[in-house]
Amino acid sequence: MIQASVVPLLIPFCVASYISCDCELENLLPPGLSACLDHIHNLSLEYEPSKKPSRRTATELLTALASRAPRLRGLRLECRGEKPLFDAGRDILGALHTVCGAAHQLRHLDLRHLPYTVDDTLVLKVAGGCPELRSLFLDNHALVNSVQPASVLRLLEACPHLRALGLHLASMSRAALELLAAPHRAPFTLLALKCACPEDARASPLPDEAWATLTCYHPGLKVELELEPVLPDEAVSRILQPAVPVAVLRLNLSGDTVGPVRFAARHYAETLRALEVRASASTELHTALEELAARCAGLREIHCFCVVRPSVLDAFRAHCPRLRSYTLKLKREPHPWRPTLMR
């Protein structure tokens with residue numbers, strides 16, 4: 001069965017159509033839905049890659065949408081459940097290529113929840129076919145990053161209105177930061193960098209002076225950094241530059257976590273709005289969190305997935321008046337841990 005409804009999305013789309021390809025039978029698209037594609041401007045599409053009927057229907061829907069693609073303004077794809085082993089997503093990615101080649105008015109493309117390796121071919125297809133793009137998110141959970149910095153430069157040159165971009169760190173370069181700071185560009189507001197692949201650990205550093213120049217041209221820029229266990233301590237030191245306007249920091253490191261928390265407290269106090277920490281509890285970590293609470297008055301979310309001492313919770317309550325939610329457990333509880341919402 002295909003479920004469709006109209007819902008507002010938490011991404012910069014207008015009111016959008018939501019379609020879930022929840023299929024159990026080998027059926028084609030219902031005739032009525034095909035006709036409705038003419039009226040879809042923004043689409044959020046979910047499917048389960050482990051179910052052949054579900055992925056077949058999703059592929060057929062995207063292929064059918066390609067013929068109406070000039071009307072499309074926003075597209076978000078999401079895989080639910082586990083994907084089969086060795087599944088490269090060629091069918092879905094092939095259909096996506098077709099859509100992007102025809103969607104000349106596309107403004108928003110979100111592939112964060114698509115677990116396949118996105119490569120240069122798709123990025124160049126978007127660059128050549130979607131000059132009106134405002135946001136593009138490719139910072140997904142793929143184990144390999146195949147988007148080269150040169151392709152990102154082509155994308156930025158072809159899409160001067162781009163305001164929000166999500167990538168793996170290895171896809172970024174100093175030249176890209178300099179291009180984003182060019183006077184002719186639209187105000188750039190969000191850069192999300194995921195550091196989760198071996199390529200990210202080996203990526204060239206993005207110089208602090210390039211970040212400072214970018215922030216000067218775009219004072220409203222917010223950066224989201226997600227650091228995963230693949231990063232050694234020396235790579236983390238290269239990534240965390242003082243001039244980066246970090247608004248969201250997610251630390252899930254296999255090495256030192258205390259150092260990055262202290263660095264954030266000292267250099268991101270004016271910009272940091274959300275911090276997520278996954279690490280083992282220690283006296284040093286608790287002290288670093290208390291220091292961060294004392295310095296980062298604008299913090300709105302803090303989520304720490306280890307048991308903390310009471311003084312940590314007291315510090316965030318006392319020093320962070322804008323705090324909206326927190327995960328600070330004083331004793332072990334069954335997972336998943338739910339955040340506490342502030343009134």
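Evaluation of the salt bridge (charged side-chain N to carboxylate O under 4.0 Å, His left out) rule for E199 yields no partner, not counting sequence neighbours. Considering only residues two or more places apart in sequence or on other chains, D256 meets the salt bridge (charged side-chain N to carboxylate O under 4.0 Å, His left out) condition with none of them. Contacts of T327 classified as side chain to side chain donor-acceptor pair (under 3.5 Å), with partners at least two apart in sequence or in another chain: H303. The ring-ring contact (aromatic ring centres under 6.0 Å, His included) search around Y326 returns none, not counting sequence neighbours. H267 is linked by a ring-ring contact (aromatic ring centres under 6.0 Å, His included) to F263, counting only residues two or more places apart in sequence or in another chain.
Taking a cutoff of 4.0 Å between a charged side-chain nitrogen and a carboxylate oxygen, R80 and E48 do not qualify as a salt bridge. Of the charged side-chain nitrogens involved, none lies within less than 4.0 Å of a carboxylate oxygen, so that E224 and K222 do not count as a salt-bridged pair. By the 4.0 Å N-to-carboxylate-O rule, E333 lies too far from K331 to be salt-bridged with it. The pair E301-R273 does not count as a salt bridge, with every side-chain nitrogen at least 4.0 angstrom from each carboxylate oxygen. With respect to R278 and E228, no salt bridge is recorded, no charged nitrogen being found less than 4.0 Å from a carboxylate O. Salt bridge present: R55 and D87 bring a charged side-chain N and a carboxylate O closer than 4.0 Å.
There is no path of hydrophobic side-chain contacts, each under 4.5 Å, that joins L289 to V307. Clustering ILVMFWY residues whenever any of their side-chain heavy atoms sit less than 4.5 angstrom apart, transitively, puts L323 in the very cluster that holds Y268. Hydrophobic clustering, with ILVMFWY side chains joined whenever heavy atoms are under 4.5 angstrom apart, keeps Y217 apart from W211.
Inter-residue side-chain proximity for T257 and N252 is flagged as unmet; no heavy-atom pair is nearer than 4.5 Å. The closest side-chain heavy-atom distance from L77 to L75 is below 4.5 Å. Counting only heavy atoms from C-beta outward, the side chains of L225 and V248 never approach each other to under 4.5 Å. Inter-residue side-chain proximity for L156 and L179 is flagged as met; some heavy-atom pair is nearer than 4.5 Å. The side-chain heavy atoms of R295 and R266, taken from C-beta on, include a pair separated by under 4.5 Å. Side chains of R262 and E291 form a contact here, defined as non-hydrogen atoms less than 4.5 Å apart. Annotation: side chain of L165 is not in contact with side chain of D139 (no heavy-atom distance under 4.5 Å).
A donor-acceptor contact shorter than 3.5 Å is absent between the side chain of D120 and the backbone of S151. Distance alone, capped at 3.5 Å, is enough to place a donor-acceptor pair between the S254 side chain and the P229 backbone. D110 places no side-chain N or O within 3.5 Å of a backbone atom of R76 that could act as its donor or acceptor partner.
The two residues Y116 and A142 come nearest to each other via the heavy atoms O-CB, 3.6 Å.
Counting only N and O atoms by type, the side chains of S311 and E290 include a donor and acceptor under 3.5 Å apart.
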Would you give me the side-chain donor-acceptor pairs under 3.5 Å for residues 234-241, sequence neighbours excluded?
unit_1: S237; atom_1: OG; unit_2: D233; atom_2: O; d: 3.2
unit_1: R238; atom_1: NH2; unit_2: A201; atom_2: O; d: 2.8
unit_1: Q241; atom_1: NE2; unit_2: R238; atom_2: O; d: 2.8

- Intermediate values then yes/no, side chain to side chain donor-acceptor pair (under 3.5 Å), R309 and T287: CA-CA 10 Å; R309 65 192 183 194; T287 302; 3.2 Å; yes
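A 6.0 Å sphere centred on CD of E178 holds more than 12 heavy atoms belonging to other residues, nucleotides or ligands.
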